[in-house]
Amino acid sequence: MRRTLKQRWARLRAWLTPPRTLKVTRIGRTYLVVTFGVGLGALNTGNNLLYLLLGLLLSMVVVSGVLSERCLRDLSVRRVGTDEAFAGEPFAFRWSISRKQGHAFALTLSEEGSPLSGAGGVGYLPAGVEHVVRANLTAPRRGPMRLRGVRVTTTWPLGLFAKTRVLPLEGLLLVYPRRGYACQDPGDAERGPVGDAGNPRRNDGSGDVTGLRELAEGEDARRIHWLKSASVGKLLRVEREREERRTWMLAVEPGLADAALERRCEEVAALAHRLLGEGHEVGLDTGVRRLRAGAGTAQERRILRALAWLGFEGDGGEKDEEAA
């Protein structure tokens, strides 16, 4: 029922939205004031030269409207999106724009109806060419953001008016928590090396030296201890203990909300980034979702995605989060 009402409201809002919006620029306001002054002078004095100048100024307004409208016709926009977006940080966002025929000038692209700030532009768009527009956008918060459409604006040809057309294009952008720092240590690991002696069967790592043995055929010569080898008259290989991965299960305490929840998400994201960068395994427990411990950049991406959705589970858009 609630979703039906939202869909009806979206259709009503789309129906009420005008196909074009027009905004007067600062130069345009000056131009209109001058035009109004010339008009008053022509009416009060009856000077033909002023009437001619008034007609010229008004005709330029008409020409500007016609040419800007031609720029916004036959446009096709495809949202390329971004690799990753963090709250409060500029991230690269891309659109692909093209037109079937004619040329377009001075186009500015941005997202309509979203809290994202920033825009990208293209100076000249020929017909039949798909141009990728890049912009540095900034998201004010983490979480999923619904994208309704792409706003295309042009001030061509005279810069007097900014005419805008909105191209409907549904999408969803998932914003990860802000990258910050963690005030607390992650605590004790759930699993790690057993005992102080390490595992004697794992002597092919880069940890502490466990002993020397004769180099076997085909083994890496970089492991040779040349000083000892020279003293005993045969090649000896250094054996080092292989460092074990430790495992942490990070958690977001239930019941947190607003600023406390945001801060905890940032801390967990920072801890996960640090531990995974050191080669350990990290899992996540948010109370509503539990991720098994893993390692690598893919695991960090899974943790960031889970943190981004925390508190927004009711939106029901997790399935199509890759759309943007």
Side-chain angles (χ1 to χ4, degrees), residues 10 12-40 53-82 90-140 145-171 173 324:
L12 178 61
R13 187 173 56 184
W15 185 75
L16 294 175
T17 302
R20 305 285 189 274
T21 58
L22 196 66
K23 182 179 178 182
V24 183
T25 64
R26 187 172 62 180
I27 299 176
R29 287 194 291 271
T30 305
Y31 185 89
L32 292 179
V33 170
V34 172
T35 303
F36 184 74
V38 172
L40 286 179
L53 180 59
L54 177 63
L56 178 62
L57 294 175
L58 293 177
S59 64
M60 294 303 292
V61 174
V62 176
V63 169
S64 175
V66 172
L67 293 180
S68 61
E69 178 62 26
R70 290 178 64 86
C71 276
L72 298 179
R73 286 184 179 178
D74 298 325
L75 291 177
S76 297
V77 176
R78 180 172 58 88
R79 188 179 287 117
V80 180
T82 181
F91 58 90
F93 198 86
R94 296 174 293 276
W95 303 273
S96 177
I97 184 170
S98 61
R99 62 179 302 161
K100 297 180 180 178
Q101 57 184 0
H103 305 271
F105 303 90
L107 299 178
T108 303
L109 280 71
S110 59
E111 288 294 335
E112 169 70 12
S114 74
L116 298 173
S117 59
V122 52
Y124 170 60
L125 181 65
V129 175
E130 190 176 52
H131 187 86
V132 176
V133 180
R134 182 183 182 278
N136 288 328
L137 303 185
T138 303
M145 291 187 182
R146 291 285 180 184
L147 305 179
R148 307 297 181 188
V150 180
R151 185 169 56 239
V152 184
T153 304
T154 182
T155 58
W156 197 75
L158 302 177
L160 303 178
F161 307 97
K163 182 175 284 187
T164 300
R165 175 189 178 190
V166 176
L167 301 175
L169 187 62
E170 296 287 337
L173 174 66

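Quick caveat: nothing in here was measured; it's all calculated off a predicted structure.
Thr153 contributes no side-chain N or O that, together with a main-chain N or O of Ala162, makes up a donor-acceptor pair within less than 3.5 Å. Listed for the Arg29 side chain is no donor-acceptor partner under 3.5 Å among the backbone atoms of Val33.
Summarising the geometry, atom CZ belonging to Arg165 is positioned 8.0 Å from atom CD belonging to Glu69; distances are rounded to the nearest 0.5 Å. A distance of 11.0 Å separates CG of Asp74 from CG of Leu125, quoted to the nearest 0.5 Å. Interatomic distance, CG of Leu158 versus CG of Leu67, reported as 8.0 Å (0.5 Å rounding). Atoms CG and CZ, on Leu75 and Arg99 in that order, are 5.5 Å from each other to the nearest 0.5 Å. To the nearest 0.5 Å, the span separating OG1 on Thr155 from CG on Leu107 amounts to 9.0 Å. Taken from CG in Leu169 to CD in Glu112, the straight-line distance is 12.0 Å, to the nearest 0.5 Å.
When all heavy atoms are compared, the tightest approach of Cys71 to Thr154 is CB-CG2, 4.2 Å. Residues Leu54 and Gly39 approach most closely at CD2-CA, 3.8 Å, considering heavy atoms. Between Ser68 and Gly65 the shortest heavy-atom distance is OG-O, 3.0 Å. Of all heavy-atom pairs between Ala139 and Met145, the closest is CB-CE, 3.8 Å. The minimum heavy-atom distance linking Pro115 with Pro140 is given by the pair O-CD, 3.5 Å. Smallest separation of non-hydrogen atoms from Gly159 and Thr25: O-OG1, 2.5 Å.
When Arg146, Arg148, Arg79 are each tested for a salt bridge (charged side-chain N to carboxylate O under 4.0 Å, His left out) with Glu170, only one passes: Arg148. Under the side chain to side chain contact (heavy atoms under 4.5 Å, CB included) rule, Ser64 has a single partner from Tyr31, Trp156, Phe161, which is Phe161.
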Taking only distance into account, with no hydrogens and no angle test, what donor-acceptor pairs under 3.5 Å do side-chain atoms of residues 91-98 form with protein atoms, sequence neighbours excluded?
from	atom 1	to	atom 2	distance (Å)
Trp95	NE1	Glu111	OE2	2.8
Ser96	OG	Glu130	OE2	2.9

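Under the 4.5 Å side-chain criterion, counting only non-hydrogen atoms from C-beta, Leu173 is in contact with Leu116.
Phe36 CZ: 12 or fewer foreign heavy atoms inside a 6.0 Å radius. Under a cut-off of 6.0 angstrom, the local environment of CG in Leu40 is crowded, with over 12 non-hydrogen atoms contributed by other residues, nucleotides or ligands.
Sorted by first then second residue, the salt bridge (charged side-chain N to carboxylate O under 4.0 Å, His left out) pairs that include residues 54-65, not counting sequence neighbours, number zero.
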